[in-house]
Amino acid sequence: MKKVDFFIVGAPKCGTTAMYSYLKSHPEVFFPERKEPHYFGSDLDFHNQPRISLKDYIGLFVDAKPNQKLGDASVFYLMSTTAAEQIKAYNPSAKIIIMLRNPVDVMHSFHSQRLFNGTENIDSFPEAVAAESDRREGKRMPARIGLRQGLFYHDLVNFADQVKRYFDVFGREAIHVVFYEDLSTDLLGSYQKLCAFLEIDTSFQPVFETVNSNKVIRFGWLRDMLKHKPPALSAVGRILLPTAALRKSFRNAAMQLNMVTQPRAPVAQEIRSQLATELTPSIEKLEQLLGRDLERWRSRPVPGPEEGAATTAAG
């Protein structure tokens, strides 16, 4: 079986879903329908959720054509302390794509995503960030945790150490870094540079549609019921909807009706300034590592599409 050729390793909420979608439409690329298999990264704690087996991981790519490059887009590989070495051991020639964004915006957007998924029980973004120390001691935890490391918002955006880990393992020539700011100002150019890095046709242009806009849940109880299916409800569902296809169609329709797309409330300037100050040492280390001026990360956010930017990469 051909090895996976390249990995979008993260970070989350940096346009990774959009780039996955755009690359997936390229005729020389194959991505499985399951965007984030997270086969690598043995340190990632998904709180008793079963990990994909090697057999099933390989099975994700069986429909790829011989001339296609295989891709894996698992956004927590960047945060993982073990994924880089495990990917290198699996395929020493793998190419790595790292996507980065203003870390305060990443934290804010990821908090919103966790609220949507039901893996965050603190509605207030500043309060959720402030709860990190308690949560390291097992306090104030949500009933459904999802990725345990995802509750530590500062760790999520420790980009300097995360990027350096991949540089140390793969070497810089095997890594392409994409900034959310560049997607905002020149999406086509950023996409073409990525295609050149992957050595695929740079003239192919996908339809750049808005992907993964901010969503909120109308009723948390309905989301939990649809996602976790109590036994009694499952029994009734099998009677009323006798085929798996019907049950899946009904579940998807109900989930769509239970969500609404809307802009996130902006982070208060006081909170933004406080977090930017806390993150400045990491930002400065990343500047030195990449040779790029990131002063804007310390001063103001880059607006996402819900805030008026000319980009289709939401988050």
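If you read the sequence from its start, that first residue is 1, and numbering goes on from there. Computed from heavy atoms alone, side chains included, the values below leave out hydrogens, waters and symmetry copies. The structure displayed is predicted, hence computed values, not measured ones.
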Quiz item: So, do His38 and Phe46 have ring centers that fall under 6.0 Å from each other?
Solution: yes
*Determine, step by step, whether Lys24 and Glu33 satisfy the salt bridge (charged side-chain N to carboxylate O under 4.0 Å, His left out) criterion, reporting the C-alpha distance in whole Å, the side-chain angles of both residues, the deciding distance to 0.1 Å, and the verdict.*
CA-CA 9 Å; Lys24 193 172 187 292; Glu33 293 300 322; 2.8 Å; yes
**Item:** Beyond-backbone contact of Lys2 with Phe61, side-chain heavy atoms, under 4.5 angstrom
**Value:** no
Point to revise | Arg272 and Asp105 ion-paired at < 4.0 Å | key: yes
Rounded to the nearest 0.5 Å, the OG atom of Ser282 sits from the NZ atom of Lys285 at a distance of 6.5 Å
**Prompt:** Between Arg292 and Glu181, is there a salt bridge with N-O shorter than 4.0 Å?
**Reply:** no
Does Asp186 form a salt bridge (charged side-chain N to carboxylate O under 4.0 Å, His left out) with Lys193? I'd like the steps, not just the answer. CA-CA 11 Å; Asp186 185 12; Lys193 289 178 182 177; 5.8 Å; no
Between Lys95 and Glu199, does any side-chain N to carboxylate O distance fall below 4.0 Å?
yes
Quiz item: Between Glu120 and Arg135, does at least one N-O distance fall below 4.0 Å, as a salt bridge requires?
Solution: yes
key: Residues Glu295 and Arg298 bridged, charged N to O under 4.0 Å   = yes
- Query: With a 4.5 Å heavy-atom cut-off, do Pro103 and Ile283 have their side chains touching?
  - Reply: yes
Across all chains, not counting sequence neighbours, the salt bridge (Lys or Arg N to Asp or Glu O under 4.0 Å) partners of Arg165 are none
- Answer whether the closest heavy-atom distance between the side chains of Gln149 and Asp45 falls below 4.5 Å. yes
Same cluster (ILVMFWY, side-chain, under 4.5 Å), Trp297 and Phe110: yes
- Lys/Arg-Asp/Glu bridge criterion (N-O < 4.0 Å) met for Arg136, Asp155: yes
Worked check of salt bridge (charged side-chain N to carboxylate O under 4.0 Å, His left out) between Arg148 and Asp43
CA-CA 10 Å; Arg148 183 179 295 273; Asp43 62 313; over 6 Å; no
Is the cationic atom of Lys3 (NZ for Lys, CZ for Arg) positioned less than 6.0 Å from the six-membered ring centroid of Tyr90 and within 45 degrees of its normal? yes
*asked:* Please tell me whether Val29 and Val62 are part of a single hydrophobic cluster in this structure, the criterion being side-chain heavy atoms less than 4.5 Å apart.
replied: no
Notebook entry, point to check: Looking at side-chain heavy atoms only, is the closest gap between Ile200 and His26 below 4.5 Å?
Noted result: yes
Across all chains, not counting sequence neighbours, the ring pair (Phe, Tyr, Trp, His ring centres under 6.0 Å) partners of Phe170 are none
Just so I know, are the side chains of Ile96 and Phe197 near enough to count as touching, which here means a heavy-atom distance under 4.5 Å?
no
Under a 4.0 Å threshold between the charged nitrogen and the carboxylate oxygen, would Asp293 count as salt-bridged to Arg296? no
Report task. Evaluate the ring planes of Tyr191 and Phe208, with Trp represented by its six-membered ring, and classify them as parallel (under 30°), tilted (30 to 60°) or perpendicular (over 60°). Result -> perpendicular
